[in-house]
Amino acid sequence: MRGIVQLVCCVCFVACAPSRDAGPDTLVDPARVDDVLAGYVERGELVGVSALVYEDGEEAYFGAFGLADRRTGRPMARDTLARIFSMTKPVTGVTLMTFYDEGRFGLDDPLYEYLPEYRDVQVYVSGDGDAAVLEPPRRPILVRDILRHTAGFASGGEDHYAGRRMRDARADAPENTLAELSMRLATVPLADQPGTRWWYGPSVDVQARLVEVLAGKPYIEVLETRVLQPLAMRDTVYLLRADQEGRLMDLHQRLPDGSFVRAMDPGLADFNSAEWPLTPGGWGLVSTLDDYLRFARMLLQAGELDGVRILAPGTVALMTTDALPATVQDRGWLPNKGQVGFGIDFAVRVAPPANDAEASGAVGEFFWDGLANTLFWVDPENDIAAVLFNQYLPWGQTEIMKDFRDAVYYRDPVASALVKPAAAPDAPRLSH
C-alpha cells in the first residue's frame with residue numbers, strides 16, 4: 001500500500017502543477033506547500049489531501065496527493081468531493097444575511113418574532129433529572145445570538161443537563177425537517193442565559209429555519225437560488241447526483257496507532273447518498289475545492305465575484321468582525337483556535353499568533369473548519385483565500401492545518417517576521 005500511495009503522490013505532483021511560480025511579491029511558494037502535503041501522505045499520516053490557494057486574484061497553488069478511495073486506488077483529484085461538515089455554517093450564514101441586506105430582520109429582534117416556539121424557553125440553573133431547577137431567560141434570544149453562538153443552546157455532545165436533554169430530543173435526526181428540528185430544540189432548556197456564554201451548538205440549523213420562514217420556501221431552494229447558483233457552485237450539494245457518486249472521498253477514522261480505517265458511521269459517511277427531510281444549516285454539504293474557493297473569494301472581494309453580488313460590502317464586514325462582547329468570558333474551546341473572536345459564523349483573528357505553537361495567520365482573517373479536518377480561511381490583509389481538504393476523524397488533530405498554514409505563510413528563519421512585499425512603501429502587508 002505504501003508503494004501505491006507514493007506512486008499516486010508522484011503522479012499527482014506532475015499532473016497538478018501549480019499555475020505559477022513564487023515571485024518576489026507573493027507569499028505562496030508552491031514547492032514549499034507541495035513538500036508539506038506530499039510529506040504527510042508519504043509518511044502514511046494521511047490517506048489523501050488536497051488544497052487550493054488564491055493570492056492577489058490568481059491561483060497561487062493547487063495540489064492533490066494520495067488516495068480518495070483506497071479500495072479502488074482512486075487518486076485525489078481537483079474535482080474530488082469532500083464532506084465539509086461545519087464549513088456548511090458560513091454558507092448558511094451568508095444565505096441568511098442576504099435577507100439582512102433586504103432589511104427583512106434586525107440583529108436585535110427577538111427570535112420569537114419569527115420562530116414563536118422560542119417565546120417561552122427556559123434556562124437551566126442547577127440539579128438534574130426531575131430535580132432540575134429552571135428559570136425564565138432574563139432577556140429573549142435575539143437573532144444576533146443565533147449568529148454568534150450565544151443563544152444558550154447546548155451541544156448534544158456536552159456532558160451537561162442541557163446536553164443530555166438535547167440528545168434525548170433528537171432534534172437533528174435526519175428524519176426531521178428544519179421546522180421539526182426547531183420545535184424540538186425549543187423544548188430543551190438553555191444551558192445558559194442568552195448572551196452570556198459561547199456555546200457551539202445547533203444555532204446555525206436555526207438560522208436555516210429562519211431562512212425558510214423569511215422566504216416562505218424550503219431552505220435548500222433559497223440556498224441554491226441566492227448563493228450556490230449565482231456563484232456557480234455546481235458541485236455543492238446535500239444529495240449526491242449520479243454523476244458525482246464516483247468522486248466522493250472516503251471518510252476515514254484515525255486509530256490511536258496512527259493508522260486509518262474506513263469510517264462506517266452511516267450518519268456521517270452515508271448522509272449524502274440518500275434524500276432526507278433534514279437539510280441542516282450547520283453541516284451536511286459536500287463540495288469541491290473549486291466550489292468552496294469561489295465562496296471564499298466572494299467573501300474576500302467584499303461580497304462579489306465575477307460581477308455577481310451576493311452580499312453588501314458592509315454586511316461582509318459585519319460578519320467578519322468579532323461580535324463577542326467582553327462580558328462573554330466563557331468561550332468553550334474557541335480559544336483553542338488561537339487569538340480569535342467570533343463574528344457571524346466565522347472565527348475572526350484579533351491578534352497575531354502568541355507563539356510558534358499557534359498556526360500562522362494575519363490579523364483580520366476569518367476562517368472555519370469541518371469535522372473531517374477540512375479548513376478554509378480568507379485573509380484580506382494579504383489578499384489570500386485558501387481551502388484544505390482531508391476526510392478523517394476525529395476532529396481536532398490539527399497538525400496538518402498548522403503545517404499547511406505555516407507553509408503558506410512561510411517564516412524565513414533569518415527574518416524576525418514574515419513580510420509580504422508591499423506594492424508601495426507606505427502599505428506594508430504583514431503576516432506571521
Side-chain angles (χ1 to χ4, degrees), residues 84 86-109 111 114 141-151 195 198 200-201 203-211 214-215 219 222-223 226-228 230-231 233 236 281-283 285 287 292-305 308-325 328 331 334 337-350 361-370 375-387:
I84 61 173
S86 285
M87 281 168 52
T88 302
K89 290 178 170 67
V91 180
T92 300
V94 166
T95 306
L96 176 58
M97 293 304 284
T98 63
F99 291 91
Y100 178 82
D101 276 350
E102 296 172 0
R104 300 285 299 278
F105 68 88
L107 299 183
D108 291 316
D109 292 346
L111 183 60
Y114 308 94
I141 299 172
L142 307 179
V143 172
R144 72 167 67 245
D145 289 316
I146 65 168
L147 303 179
R148 63 185 188 187
H149 291 283
T150 57
W198 190 86
Y200 190 69
S203 290
V204 191
D205 297 320
V206 181
Q207 291 180 33
R209 174 57 183 156
L210 179 55
V211 167
L214 292 171
Y219 172 66
V222 187
L223 169 66
R226 291 192 173 224
V227 177
L228 300 183
L231 290 178
M233 295 172 66
T236 303
W283 61 281
L285 288 175
S287 192
Y292 209 90
L293 211 286
R294 289 187 62 79
F295 176 74
R297 288 172 58 207
M298 176 274 294
L299 294 167
L300 180 61
Q301 296 173 194
E304 183 177 5
L305 182 66
V308 177
R309 178 157 296 284
I310 305 297
L311 289 175
T315 302
V316 175
L318 175 67
M319 295 183 70
T320 58
T321 300
D322 181 19
L324 292 179
V328 177
R331 301 185 177 199
L334 185 61
K337 295 188 178 295
Q339 313 304 303
V340 301
F342 200 82
I344 295 176
D345 295 327
F346 302 106
V348 180
R349 188 181 293 275
V350 297
V363 174
E365 73 162 76
F366 49 97
F367 64 93
W368 205 240
D369 49 31
L375 169 71
F376 93 103
W377 78 87
V378 174
D379 172 3
E381 182 69 17
N382 291 297
D383 200 9
I384 286 175
V387 182

Could I get the full list of ring pair (Phe, Tyr, Trp, His ring centres under 6.0 Å) partners for Phe99, not counting sequence neighbours?
-> none

Hey, are the side chains of Ile384 and Trp377 touching, using non-hydrogen atoms and a 4.5 Å cut-off?
-> yes

Going through the distances and angles, do Asp379 and Arg349 end up as a salt bridge (charged side-chain N to carboxylate O under 4.0 Å, His left out)?
-> CA-CA 10 Å; Asp379 172 3; Arg349 188 181 293 275; over 6 Å; no

Might you work through the side-chain contact (heavy atoms from CB on, under 4.5 Å) test for Thr321 and Val348, ending with a clear yes or no?
-> CA-CA 7 Å; Thr321 300; Val348 180; 5.9 Å; no

Quick check: does any side chain N or O of Arg297 sit under 3.5 Å from a backbone N or O of Val378, one acting as donor and the other as acceptor?
-> no

Within a strict 4.5 Å, meaning less than it, do heavy atoms of the Asp145 and Leu111 side chains meet?
-> no

Please report the closest heavy-atom contact between Pro380 and Glu365, naming both atoms and the distance.
-> CD-CA, 4.1 Å

Heavy-atom closest pair, residues Phe376 and Pro90 = CE2-CG, 4.0 Å

Parallel, tilted or perpendicular: which describes the rings of Phe105 and Tyr114, with under 30° parallel and over 60° perpendicular?
-> perpendicular

Would you say the side chain of Thr88 lies within less than 4.5 Å of the side chain of Val204, judging by non-hydrogen atoms?
-> no

If you round to the nearest 0.5 Å, how far is CG of Leu231 from CE of Met298?
-> 5.0 Å

Is Met97 close to Leu147 at the side-chain level, that is, under 4.5 Å between some pair of heavy atoms?
-> yes

In Å and rounded to the nearest 0.5 Å, what is the CG to OG1 distance from Leu223 to Thr95?
-> 4.5 Å

Please check if the side chain of Asp101 supplies one atom and the backbone of Leu311 the other of a donor-acceptor pair under 3.5 Å.
-> no

Do the non-hydrogen side-chain atoms of Gln339 and Val363 ever get within less than 4.5 Å of each other?
-> no

Thr236 and Val91, any side-chain heavy atoms less than 4.5 Å apart | no

Any side-chain heavy-atom pair of Leu299 and Thr320 under 4.5 Å = no

Taking the side chain as C-beta and beyond, is there a heavy-atom pair between Leu107 and Leu142 under 4.5 Å?
-> no

When rounded to the nearest 0.5 angstrom, what distance separates OG in Ser86 from OH in Tyr200?
-> 3.0 Å

Would you give the length of the straight line joining atom OG1 of Thr92 to atom CD of Gln207, rounded to the nearest 0.5 angstrom?
-> 7.0 Å

Heavy atoms of Arg226 and Ile310 approach each other most closely as O-CD1, 3.7 Å

Locate the shortest heavy-atom distance separating Arg148 from Trp198; write the atom from each residue and the value.
-> O-CD1, 3.2 Å

Hey, could you give me the CG/CG distance between Leu214 and Leu96, rounded to the nearest 0.5 Å?
-> 6.5 Å

Hey, could you give me the NE2/CD1 distance between His149 and Ile146, rounded to the nearest 0.5 Å?
-> 10.0 Å

For the pair Asp109 (side chain) and Val143 (backbone), establish whether a donor and an acceptor sit closer than 3.5 Å, ignoring hydrogens and angles.
-> no

Hey, is the main chain of Ile84 close enough, under 3.5 Å, to the side chain of Tyr292 for a donor-acceptor pair?
-> no

Output field: ring centroids Phe342/Trp368 closer than 6.0 Å = yes

Mind listing the closest non-hydrogen atom pair of Leu293 and Ala385 along with its distance?
-> CD2-O, 3.8 Å

If you look at every heavy atom in Asp345 and Lys89, which pair is closest and at what distance?
-> OD2-O, 3.6 Å

